[in-house]
Amino acid sequence: MKSLKSNINNLKAVIPATFQIVNISLFIICFIATGCSLIKLKKDTNRFQEYTAIVGHINAKCLGNGPIIVAACSVEDEMKVVNYTVLHDSGEYELGVHQGNYYIFAYRDQNSNLIYDADEPAGQYGNPTLVRAPAVGVVFDIDIIIPEKNQNIEIPHGKIISSVKTQKLYSRQAGIITDLDDERFVEENGKKGFWEPGSFFNQFGGTIYFLEEYDPDKIPILFIHGATGTPKGWQYLVNHIDRSRFQPWFFYYPTGLRIDSIAYLLLWKLSNLQAKYQFNKIIFTAHSMGGLVARSFIVNYFPQFPYVTLFVSMATPWGGDRMAEYGVKQSPVVIPSWYDMQPDGDFIKSLYRKKLPESVTFYLLYGYRGSRNPLRSNNDGTITLSSLLDYRPQAEAGMSYAFNEDHVSLLLSERVADQFNSILNTFYENNSTSLEQVGGYLDVHFTYDYDYKGVRPKPALLLYRNGKKDEEAVTFFNNGTNGKIIGPIPVGEYVTSMVTMAAKTEKKSVTVSIESNKTKELNFVFKPDGVIRGCLTTALKPEDKFAGRPDYRYRSIDTKIHIQSITLEGDGIHRVLTSTTVPAIGYGLGYLVVRKDGCFNNCFSFFGLPAGDYKLVIKVEGYKPIEKKYSVIPGRPQYFRVTELPPG
């Protein structure tokens, strides 16, 4: 017993009282942080808020040791490397840059010296092709191949990636294996993620960690910590789950960022893991602010990622936090996540505009042992009970469980661990007996009927049960997963399609009947398609210009934007879209099946374009006309562009 208490006390030291730190942070800012420290904090926050995320995949065909370095070189700043990231293998990457033009390249740093040396294999985006980063948002599909043999690229040998040398280059890819004693998970780094989210992201990124190799026979549990937290805070609960049934994963991210962008980053990471491993279910377990991240993910991205089947929240401030609202109004420096924590703010409201999907089982856990100060509302020591027990998530919870614990000790409680295990084991037994008995499988094959030396567009399989377009299920594929068997899938009749941005299949859809314990084969052939797509936005408020701003933010209807016309001109091509040119595409990926030119809210798409250069003229009521130039190569992905409208 003494040993157990000692372990718990040690764990308490590394689990910060998340929103207690938020509450007192105003006083720290106003009365302690002065001069240079205040300027540094404001500079870090403002600089990172204006980042645009560049994301893509690296396919390293070269052999050898050493990490893979991906870097962005600024064309306007004499090809200076403005940011870089580290990978341990082929896979996804993300870079933060400011508005401008960049060359993106990657190489295997065989001696880990952060210098692109002459004997190190490298690749670049395009030949090279400029990547134009807008003021905010995400630029997708900047994919690079590092060939087996050395080749000449635009970046000269001897290019210094960073003059700051670190003792260890940390990979930022999802799925890297470590343990909870990893030095990245120390308390100081958790606080850095809150106070200096930009510096944290440049050092560690935001990614998902494993404790062991992926096991297809175990259900993943994704643990999502709260503000100033780290994966270390989950150690007690992880030590008490059945590791023969479940595999723990950990989302480690800078908690000072806007919650929308964190949820978007989580989608990017989980989609890459799902494409690699093809798992068909995952459990979300989240503490404090992590519960808001989880719900934002589920309500916004479930059609794209329908694999979340169980969601357990612990001590989540479902109704926001008044001190965050006070901080936004009064503090000389605003931590970005405070905007989303305002009880009457748009983010908290957005969490409840849609209910959780019926296929997601939800449980709500909280503690009630807090301060009994008559000047404070009842609380768990950090969050008011009125926020913890907001009626909106309570109405959706299968059950709410209360414990005589505070905000921190909830994660260290034997009773909580027992209840959590009861939820997990019941879920496991129900799922292992029902779906396995009645489910079937699909053996999916796809080929590309055209030559292309670059990275091919990644496909996704769409399943519509009984042909219902509002019940879209999506499975993403890596190009190396051709011939992958997916399932089990509930028995029934399905309409299936396979889509990608820069190519289309010969048949738009195929009907398939899923039968119990049987495998049906699907074959798709992709042919090249030329595509231009983009989105329009009005001038954003400073607080809305945040790093990694999700594209669904641009898809939301802005009543200030009334499109008069979007005209596309090229060699023998003249097409015009108006605000009434709206194909029936919805919010999912169905528009990639239909592939018809059209506008949807403030976004537009042109399909079936031959190779060539194009001019796009955008006219919006009350704004100056805009001209944009595009170069199209069918079969080659064109990244999504966001255009900010200039005032008239």
Side-chain angles (χ1 to χ4, degrees), residues 18-19 221-224 226-227 259-260 262-263 266-267 281-322 324-325 337 340-370 377-407 410-411 415-416 419-420 422-424 426-427 430-431 434 470-471 552 556 587:
T18 53
F19 275 87
I221 303 175
L222 182 69
F223 291 93
I224 308 173
I259 299 176
D260 271 341
I262 294 168
L266 180 57
L267 173 68
K281 60 175 72 75
I282 187 171
I283 296 167
F284 277 10
T285 301
H287 179 241
S288 197
M289 192 185 84
L292 304 181
V293 174
R295 185 177 178 104
S296 175
F297 177 96
I298 295 169
V299 298
N300 287 306
Y301 304 122
F302 193 79
Q304 297 163 258
F305 194 90
Y307 311 108
V308 183
T309 47
L310 175 64
F311 173 26
V312 181
S313 73
M314 299 183 177
T316 294
W318 293 115
D321 185 68
R322 288 293 174 191
E325 180 180 62
S337 57
D340 298 325
M341 288 304 304
Q342 299 176 92
D344 301 318
D346 181 66
F347 175 77
I348 292 295
K349 292 178 182 177
S350 74
L351 292 179
Y352 309 111
R353 288 176 185 149
K354 290 187 286 186
K355 291 184 177 296
L356 291 176
E358 291 183 4
S359 58
V360 178
T361 302
F362 172 50
Y363 292 98
L364 190 155
L365 281 63
Y366 67 98
Y368 54 83
R369 190 176 70 211
S377 300
N378 291 335
N379 57 80
D380 69 351
T382 301
I383 305 297
T384 63
L385 293 187
S386 61
S387 182
L388 295 170
L389 296 175
D390 188 286
Y391 71 93
R392 293 166 291 188
Q394 268 213 89
E396 297 176 278
M399 186 68 71
S400 298
Y401 297 98
F403 300 89
N404 185 21
E405 303 289 346
D406 62 32
H407 195 74
L410 198 71
L411 298 184
R415 288 189 61 231
V416 172
Q419 183 61 63
F420 183 53
S422 177
I423 293 170
L424 292 179
T426 300
F427 168 83
N430 289 343
N431 277 265
S434 59
D470 58 343
E471 294 184 7
Y552 84 83
S556 61
Y587 277 98

So, for [X] and [Y], which heavy atoms are closest and what is the spacing to 0.1 Å?
X: Lys354; Y: Arg295; value: O-NH2, 3.5 Å
X: Phe362; Y: Ser313; value: CE1-OG, 3.7 Å
X: Phe297; Y: Ala263; value: CD1-O, 3.6 Å
X: Met341; Y: Ala324; value: CB-CB, 3.5 Å
X: Tyr366; Y: Leu385; value: CD1-CD2, 4.5 Å
X: Ser288; Y: Gly226; value: CB-CA, 4.3 Å

Sub-4.5 Å side-chain heavy-atom contact between [X] and [Y]:
X: Val299; Y: Arg353; value: no
X: Arg392; Y: Leu351; value: no
X: Leu310; Y: Leu424; value: yes
X: Pro343; Y: Ile348; value: no
X: Trp318; Y: Leu292; value: yes
X: Leu364; Y: Leu389; value: yes
X: Val360; Y: Phe302; value: yes
X: Thr361; Y: Phe427; value: no

Distance from [X] atom [atom1] to [Y] atom [atom2], nearest 0.5 Å?
X: Phe403; Y: Leu365; atom1: CZ; atom2: CG; value: 4.5 Å
X: Phe311; Y: Ile224; atom1: CZ; atom2: CD1; value: 7.0 Å
X: Tyr352; Y: Tyr391; atom1: OH; atom2: OH; value: 9.5 Å
X: Ile282; Y: Leu222; atom1: CD1; atom2: CG; value: 5.0 Å
X: Asp344; Y: Glu325; atom1: CG; atom2: CD; value: 6.0 Å

- [ ] Taking atom CZ of Arg415 as the centre, report whether more than 12 heavy atoms of other residues, nucleotides or ligands fall under 6.0 Å from it.
- [x] no
Open item on the list: Looking at Thr426 and Ser422, would you say the former's side chain and the latter's main chain have a donor-acceptor pair under 3.5 Å?
Closed with: yes
- [ ] Please state whether the rings of His287 and His407 are parallel, tilted or perpendicular, taking 30° and 60° as the class boundaries.
- [x] tilted
